[in-house]
Amino acid sequence: MSFISTFFSRLVIVFILVTVGTNALAQDSIAIPWKVISEKISPQKYLLKISGEVKPGWFIYANDDKADELEGIKILLDSSVQSSPLRLTSSLQNIHDKIFDKDRQVASGMVLLEKEITFSGEVPADLPFTLVYAVADAENFLPKEIPLTVKIEGGKSAGASNRILISTINLEKPVNDCGKLASQSLQAEKSSGLLSLFILGFLGGLVALLTPCVFPMIPLTVSFFTKKAQSRKTGVRNAFLYGFFIFLIYILLSVPFHFLDKLDPAILNNISTNVILNVVFFVVFVVFAISFFGYFEISLPGSITNSADSKSGLGKISGIFFMALTLAIVSFSCTGPILGSLLAGSLTTDGGAMQLTSGMAGFGLALALPFALFALFPNWLNSLPKSGGWLTTVKVVLGFIELAMAFKFLSNADLVSHWGLLKREVFIGIWILIGLGLSLYLFGIIHFPHDDPNHKISKNRKLVGLITLLFTLYLVPGLTNSRYANLTLISGFPPPLYYSIYHTGNECVLNLTCTHDYDEGLALARSTGKPLLLDFTGYACVNCRRMEENIWSDPTVYEVMKNNYVVVSLYVDDKKKLPLGSSFTYEGSDGSTRQIKTVGDKWSAFETENFKNNAQPLYAILNNKEELMNYPVGYTPSAAEYLDWLKCGLEAFDKTNK
């Protein structure tokens, strides 16, 4: 049997390869060698002329046909370029199209196209665009999207701005080897980051245990295992297996992200800062919050739950696994928002899948522990509080927290897209309103559908309400334009201090001498005789904000940075498109290629290529010759250590200037 299955597997693979290869050869055989030139009409206006010869027997659809959802030949340009309708200057033919069984106009032989374009700003030296059309013969239909580039007479070249790899940077041997522990801090930071996410995931799992979807399941499930088993030993073993499978299921949820991470180390960071995804997270979290308030219930489709539950009666081990899977599915309405926060937070932290796995492991362990421990010590079940109204209170409190987190995702999208909607004070104001709403709920002043208006408010609930109210009052100075606006307890969550309704200057953190472009920073450093402090950062990077608001703001650190450095803040998640004609394809030192279309793409590739790292924050010091002064460092929560690192870089800079 194994021989037969192996034979058929190989036969299928050969068939797929032959089919794909044949299709590729067919497409290559009818490829059209397009030529494109531009003619200058005025300083901002040009005429594009495109020509290509279609192979005999083939043709291009000239016009749109909405009935057949067929589009004619088109040119896709950057939205900043104004253009006239495309003109097909070659003659058309009337044929009977056998594929769609109707008469239509097509272009064959030599195809000539013209289009007038007008630049609203600076004219680029090269204009990339996409030619979209469908080519067919009597039996085949092939849609095409062909990327092309045309030289623009008198256009300004991107020049040195395409430079990514700096050959003078030597990571193994910086100018000053002052404390190699600095470079090791990156690895230490990564390890501590994994531990922090594990702890956060564990705490999230503990919170999930207190929700109405999970808490009542603990005594029921433990009693099931201990009473149904033939012996106490068997019951304890099955409960431990049940807990282990819960732990395993949540780890397995992170496995697909490891494959994505292998494809591109920066892909997960790009996903976490994707504008559409962050807006979707915002909407989803608002919906979850409304659900937690009791206005409706969210659950996965019943078919999924029933399928998993039906298999829980299989063999002992497989049955226990599907029981664990059923719990994970049934509790989704309570655990989903917590897992969503963990997912987004993990991916944003470093862009690596291990962060997500670490957080999921902590979450799964927290959910699994009670089932194992209560099976081992069943008398502890008597000490558990009875299910009741307090579970509803926990769920509503989670709803307010989810609502606050929703605006964090919207803030991420706002920052990377430069919308200017959620300035720092607006964000903090929304959190104050949410805090006031939560306080009023905990004091019993406002109610939600599942609340009992006659239920007596407990002392513990009033205490939590008082703490919430005090925290809300703590946020109020964040609305002011004063030194008290830097709210240390929530540093990293609101937008940065410079993203303010009061701010009228540049976007330099703490008004330091800075730029957001490497070449501009290098020129500024050479003119001022100062070293460059490269700051690889991100708009959605929590630890970056903590460094800026807690470490850079330290008076001693601030004075050293302000007087001695040119800060080059490079945002790897900036979704702003590069100037027209400045996008390019970069081939990395490992042979991989990357499309550089946005500012963030460029600085992400710059960091990965030169410093073999894609974490944020990452700090590196260069001199005017673009040499590395000392080992780069990452998140450094100690102002004294960061100050020592800055001084180490200055010592190296002085050496190279002698």
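A cation-pi contact links R461 to Y441, judged by a cut-off of 6.0 Å to the six-membered ring centre and 45° from its axis.
Separating the CZ atom in F285 from the CD1 atom in I290 is a distance of 14.0 Å, to the nearest 0.5 Å. For the atom pair CG (N486) and OG1 (T488), the distance works out to 5.0 Å, reported to the nearest 0.5 Å. With rounding to the nearest 0.5 Å, the separation of CG in N543 from OG1 in T537 is 10.0 Å. The line from CD1 of I501 to CD of E425 is 4.5 Å long, rounded to the nearest 0.5 Å. Atom-to-atom distance recorded for I467:CD1 and L438:CG is 11.0 Å, nearest 0.5 angstrom. Going from atom CG of L510 over to atom OH of Y558 covers 6.0 Å, rounded to the nearest 0.5 Å.
Using a 4.0 Å cut-off between a side-chain N of Lys or Arg and a carboxylate O of Asp or Glu, E548 and R545 qualify as a salt bridge. E402 and K408 are not joined by a salt bridge, as no carboxylate oxygen comes within less than 4.0 angstrom of a charged side-chain nitrogen.
Nearest heavy atom pair, residue D601 against residue I596, reads O-CD1, 3.7 Å. The minimum heavy-atom distance linking C544 with G538 is given by the pair SG-N, 3.9 Å. The nearest pair of heavy atoms linking L367 to P370 is O-CD, 3.4 Å. Residues S439 and T468 approach most closely at OG-CG2, 3.4 Å, considering heavy atoms. Closest approach of L421 to V426, counting heavy atoms only: O-CG1, 4.2 Å. Smallest separation of non-hydrogen atoms from V557 and W552: CG1-CA, 4.1 Å.
Among residues two or more places apart in sequence or in another chain, the salt bridge (Lys or Arg N to Asp or Glu O under 4.0 Å) test is passed with E607 by none. F493 pairs by the ring pair (Phe, Tyr, Trp, His ring centres under 6.0 Å) definition with nothing, not counting sequence neighbours.
Between M547 and the options S491, P617, C541, S553, a side chain to side chain contact (heavy atoms under 4.5 Å, CB included) holds for only P617. A ring-ring contact (aromatic ring centres under 6.0 Å, His included) with Y619 is found for one member of Y642, Y565, F536 and no other, namely Y642.
For D414 (side chain) and L422 (main-chain N/O), a donor-acceptor pair under 3.5 Å exists by modelled atom type. Looking at H516, its side chain does come within 3.5 Å of a backbone N or O of S569 through a donor-acceptor pair. Side chain of R424 to main chain of S500: no donor-acceptor pair is present (N/O by atom type, distance under 3.5 Å, no hydrogens or angles). Put simply, the side chain of D554 never gets that close to the backbone of A639: no donor and acceptor are under 3.5 Å apart. For the pair S417 (side chain) and A413 (backbone), a donor-acceptor distance under 3.5 Å is present.
Looking at heavy atoms from C-beta onward, L534 lies in side-chain contact with F606 at the 4.5 angstrom threshold. For the pair K562 and T513, the minimum side-chain heavy-atom distance is 4.5 Å or more. Contact annotation: the side chain of C508 never approaches that of Y498 to less than 4.5 Å [non-hydrogen atoms, C-beta and beyond]. Proximity of V568 to L533: side-chain heavy atoms (C-beta onward) are nowhere separated by under 4.5 Å. A heavy-atom distance below 4.5 Å is found between the side chains of L442 and T393. Between L479 and I432 the shortest side-chain heavy-atom distance falls below 4.5 Å. Proximity of Y474 to L487: side-chain heavy atoms (C-beta onward) are separated by under 4.5 Å at one or more points. Considering only heavy atoms from C-beta on, T357 comes within 4.5 Å of I251 through its side chain.
A side chain to side chain donor-acceptor pair (under 3.5 Å) check over residues 475-484, counting only residues at least two apart or in different chains, returns the pairs T480-S482.
Counting non-hydrogen atoms of neighbouring residues, nucleotides and ligands closer than 6.0 angstrom, the NZ atom of K597 reaches no more than 12 such neighbours. Crowding of L489 atom CG: a count of heavy atoms from other residues, nucleotides or ligands under 6.0 Å exceeding 12.
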Under the criterion side chain to side chain contact (heavy atoms under 4.5 Å, CB included), I'd like the reasoning laid out for T598 against D574: C-alpha separation, chi angles, the key distance, then a yes or no.
CA-CA 7 Å; T598 67; D574 193 339; over 6 Å; no

Would V207 and L398 satisfy side chain to side chain contact (heavy atoms under 4.5 Å, CB included), going step by step from the backbone distance to the final call?
CA-CA 9 Å; V207 172; L398 284 176; 3.5 Å; yes

Test N412 against D573 for side chain to side chain contact (heavy atoms under 4.5 Å, CB included), laying out the working first.
CA-CA 10 Å; N412 290 344; D573 58 3; over 6 Å; no

Evaluate the criterion side chain to side chain contact (heavy atoms under 4.5 Å, CB included) for residue pair I434 and F407; output intermediate values, then yes/no.
CA-CA 11 Å; I434 293 172; F407 283 95; 4.3 Å; yes

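Note: F448 and F293 have parallel aromatic rings, judged against thresholds of 30 and 60 degrees for the angle between ring planes. Between F427 and W431, the ring planes lie tilted relative to each other; the angle falls in the 30° to 60° range.
Y499 and H418 have their aromatic ring centers separated by at least 6.0 angstrom. When ring centroids are compared, F409 and F282 stay outside the 6.0 Å threshold. Taking the centre of each ring, F202 and F363 stay at or above the 6.0 Å mark.
One side chain, S604 or R594, offers a donor N or O that lies under 3.5 Å from an acceptor on the other.
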